[in-house]
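This report concerns only the one structure given below.
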Amino acid sequence: MSVDDNTPVLRGCIKLPLATDELLEVTAKAKDYAIMHGAAMRSKTNFSPDSLNFAPFVLVPSSFPRKEFEKAIALQPIINRLMHNVAHDEEFITTTLAETIKVDEFTANLFNIYRKVLAHGFTQRISLGMLRSDLMLESRCPELSPLLDSSAGGGDDDDVDADVEEQEQRRAKDAKAKTKTKANPAKVGGCTSSAYCCWKQVEINTIASGFGHLGPASKTIQSFVLRELGHAEKLQRMPKNDALAGLCDGMVKAWDIYAKPQAVILFIIEEVSYNICDQRFHEFYIRETYPHIKVLRRTLTEVHRDGKLGQHKELLLGSTEVAVIYFRAGYEPGHYPSQGEWDARYLMETSLAIKCPSIHYHLAGTKKVQQALAQPSVLERFINDPEEMKAVGKIFTGLYSLDDNEAGNANYEMALRTPEKFVLKPQREGGGNNVYGLDIPDALKRMSRVERSAWILMDLIHPPLSQGYMVRPGSAMPPQIVDMVSELGIFGVVIGDAEHIVHNYQAGHMLRTKLSTANEGGVAAGLGALDSPYLIDSDDEDGYY
C-alpha cells in the first residue's frame, strides 16, 4: 500500500467537517451503540474476560465504486472454485511448497500432516471452505493509461510473467501516465475516474476468515450515525450484508452433510480470545437459528487432552461426536506451543469430521501458492473457461518468487534496487508480519538464499484516499479528520470433495480502513477500524475530488 501527493481522494458520503458540538454528541452515541450491538473487543493492554471496549470504527461509511464492488461480488464463486481445485491438486501443492518447507518450520509442520494424511487416505473427503478474498482499489490501473499499448503487454494480465526489465519499464510508464492524467481524472482511457478504475487482490484467506459479524455490525453503527445526522437517504447506497448468516449457514450445511443429529460443531479457539464478539456471534447465530445444533469451543490443547477417534474414526471429545470443525486458531506458530497441539491437529485431520479448513485448504492459502497462481500459465490448470480465467487473472498484482534460481535471484536484485515499490510477505496469517518499502533490503540481506524461499515479493498497491473520522477507545475527543485507505473483503463458502462441489456461493463482505500512513491494517491487531462501503457510481457528480 502506497500513497503520495498525487494520490486521488474519493469524496465522502457526507460533507465534512461536522460542527464540533454535533460531532461530540454523535460520536458519544456511536460508541455506546457499538458496545450495545456487539461491535466490541477485549482490550489487549488491559485484558479482562469480564469487560469489553468498542471496536475501532470509522464514523461514516467510506466511498467505494459500485461497479468494482459488484464485480468483486460476482467473481467470488469463481475464486471459491479456483481455491477448491487448488486444494485438491496434490502435485501442485507439493511442488509449489517444496522449497518453502525446507526453511519455514511452521509450513513444514503443516505439510508433514498433509503428507501423512495423504499416505493413509482422507477419512473425510468433504471439505468446508469459508474464504475471504481481500482486495484494494488500485489508482494506477494500467488500463487507464493511453501510453500503455499492446506492445507493453496489453494490460496487467501479463505483469506476472514479464521479465524484470519489462516490469520496471511498465511501472515507470504507469507512474508517468498517472502524473499526466492527474489534472483530469474524470476522463482517462475510457474510465470515469482514475481513483477507482480497478482493484487488485491482496490475498485469499482460507483459515480463520474473521469479521463475519463485525462486517455487518459496521453497517449497523454507521446507519445509526447517518440517521442521527439527518442523512437517512444515504442508507440506500450501503449494500446489504448478510455475512454472519452466510458463513454460519455454511457450517450448518456441512453439519447436514455429516448427517448425525447428535453431533456438534466445534470451534477451535486461542487460549485468550480478544476478538470475542466476532467469534461468539457465529456461535450464537447457530444456536438461535438452529437450536438443535450444539456448538463447543475448545483450544488445541484441550483437544489433545480430551480428543480421540471412535470405532469409525469419528472425532470424540469425551463421549461427544464432532461433525464440523471450524478453526479460529491454528494459523500461526504461537498456537502450537508444544507437540501436543500438533498431535491434536493431526488427530482432527485424520477424523471423519468435516474441517474448515482441511489441511489441504490451509496449505492452498499460503502466500507461496498464491504467488504461483498469479502466473497465467498456472491459472489455466485450474480454470477452464477463458473468460473466467481472464477475469481472475486481471485481479492479481505482481507477485514474485524469491527462490534460489535465476528468476528468484533476479527478483531479489529488483527488490534491492527499488524496494519502495514492494512489500515482502512471509507464510503467515494474522497481520503484523510483512516488511514494507525501504525496510526490505536489510530484511533480505539478513536471509540466506535458501531462507528467502519462505517469502514472496508483491507489488505495492496504490489505493485512493478517503477522509473521515476514525474513532478508537481512549482516543482524544472530538476525533480529527484523517486520511485513510480501505481494504474490502468478500466472503465465500464452498463445500465439496475432489470430484464434486455441492455448495458454492458469495457470503457477504467486510471493509477495514486504516490511516494512510499505516502499513498493516488489522482491526484485531489494533491498526485498522471497522467500516462499510458507501457505493458511488461513475457518473456521480460527487464521485471524486
Side-chain angles (χ1 to χ4, degrees), residues 87 90 93-94 96-124 127-128 205-208 264-275 279 296-369 426-433 448 450-451 453-455:
E90 175 189 349
I93 288 179
T94 300
T96 303
L97 294 177
E99 295 302 315
T100 300
I101 62 176
K102 293 178 182 177
V103 293
D104 188 286
E105 183 181 5
F106 179 69
T107 306
N109 286 336
L110 293 173
F111 189 83
N112 286 337
I113 291 175
Y114 174 61
R115 188 157 41 197
K116 288 192 290 184
V117 172
L118 279 173
H120 294 93
F122 289 99
T123 304
Q124 176 57 262
S127 292
L128 165 62
N205 298 278
T206 62
I207 184 169
V264 304
I265 296 175
L266 171 66
F267 286 22
I268 299 298
I269 60 170
E270 299 170 85
E271 291 287 344
V272 177
S273 295
Y274 298 102
N275 192 12
Q279 292 184 18
L296 299 180
R297 290 165 56 86
R298 297 289 186 272
T299 65
L300 287 167
T301 306
E302 289 170 330
V303 172
H304 178 244
R305 183 190 66 203
D306 301 328
K308 62 183 178 181
L309 296 185
Q311 185 177 358
H312 303 289
K313 293 193 175 180
E314 65 273 25
L315 178 63
L316 300 173
L317 293 177
S319 59
T320 302
E321 184 171 353
V322 176
V324 178
I325 305 170
Y326 171 47
F327 286 93
R328 284 300 291 251
Y331 53 82
E332 64 175 37
H335 297 162
Y336 300 85
S338 72
Q339 183 59 40
E341 286 72 30
W342 285 110
D343 292 343
R345 182 70 185 270
Y346 178 66
L347 177 76
M348 289 185 283
E349 294 297 336
T350 59
S351 77
L352 193 61
I354 298 173
K355 275 74 69 176
C356 178
S358 56
I359 191 67
H360 42 305
Y361 253 96
H362 191 165
L363 291 172
T366 57
K367 303 297 189 300
K368 187 65 177 176
V369 168
Q427 309 298 323
R428 292 289 181 275
E429 302 297 335
N433 300 301
S448 69
V450 176
E451 288 171 337
S453 61
W455 297 70

(request) Can you see which heavy atom on A87 is nearest to which on I93, and at what distance? (result) O-CD1, 3.6 Å

(request) Report the C-alpha separation of H360 and F122 in whole Å, then their side-chain angles, then the decisive distance to 0.1 Å, and conclude whether the ring-ring contact (aromatic ring centres under 6.0 Å, His included) test is met. (result) CA-CA 11 Å; H360 42 305; F122 289 99; 4.7 Å; yes

(request) Indicate yes or no: at least one non-hydrogen side-chain atom of W342 is less than 4.5 angstrom from one of L300. (result) no

(message) Nearest 0.5 angstrom please: I268 CD1 to R298 CZ, how far?
(response) 9.5 Å

(request) Scan side-chain atoms only and decide if R345 and H362 contain a donor-acceptor pair under the 3.5 Å cut-off. (result) yes

(message) Give me the atom names and distance for the closest heavy-atom approach of I207 to A329.
(response) CD1-O, 4.2 Å

(message) Would you compute the distance between atom CG of L266 and atom CD1 of I325 and round it to the nearest 0.5 angstrom?
(response) 6.0 Å

(message) Would you compute the distance between atom CG of L352 and atom CG of L316 and round it to the nearest 0.5 angstrom?
(response) 10.5 Å

(request) Check whether any side-chain N or O of T123 sits under 3.5 Å from a backbone N or O of T350 as a donor-acceptor pair, and report yes or no. (result) yes

(message) Using every non-hydrogen atom in the two residues, find where D104 and A454 come nearest and quote the distance to one decimal.
(response) CB-CB, 3.9 Å

(message) Let's go through N275 and R328 carefully: what are the C-alpha distance in whole Å and the side-chain angles of both, what is the deciding distance for side-chain contact (heavy atoms from CB on, under 4.5 Å) to 0.1 Å, and is it a yes or a no?
(response) CA-CA 10 Å; N275 192 12; R328 284 300 291 251; 3.8 Å; yes

(message) For a 4.5 angstrom cut-off between non-hydrogen side-chain atoms, does T94 reach F111?
(response) yes

(message) Using a 3.5 Å distance criterion without hydrogens, assess whether the side chain of E349 forms a donor-acceptor pair with backbone atoms of I359.
(response) yes

(message) Side chains of I113 and N109, heavy atoms from C-beta outward: is any pair under 4.5 Å?
(response) no

(message) With rounding to the nearest 0.5 angstrom, report the OH to CD1 distance, Y114 to I101.
(response) 11.0 Å

(message) Between S338 and E341, do the side chains contain a donor N or O and an acceptor N or O under 3.5 Å apart?
(response) yes

(message) Can you give me the closest heavy-atom contact between L347 and K308, atom names plus distance?
(response) CD2-N, 3.9 Å

(request) Measure the spacing between CG of L296 and CD1 of I269 and express it to the nearest 0.5 Å. (result) 10.5 Å

(request) Search all heavy atoms of P337 against all heavy atoms of G334 and return the closest pair with its distance. (result) CD-O, 3.9 Å

(message) If you define the side chain from C-beta out and look only at heavy atoms, does anything of N433 sit under 4.5 Å from E332?
(response) no

(message) If you define the side chain from C-beta out and look only at heavy atoms, does anything of L110 sit under 4.5 Å from F106?
(response) yes

(request) Indicate yes or no: at least one non-hydrogen side-chain atom of L363 is less than 4.5 angstrom from one of V369. (result) no

(request) Kindly compute the distance separating NE2 (H304) from CE (M348), expressed to the nearest 0.5 Å. (result) 11.0 Å

(message) Test your reading of the model: is there a side-chain donor-acceptor pair from T100 to the backbone of S453, 3.5 Å cut-off?
(response) yes

(message) Checking side-chain polar atoms at under 3.5 Å, does D343 have a donor or acceptor matched by the opposite partner on Q339?
(response) yes

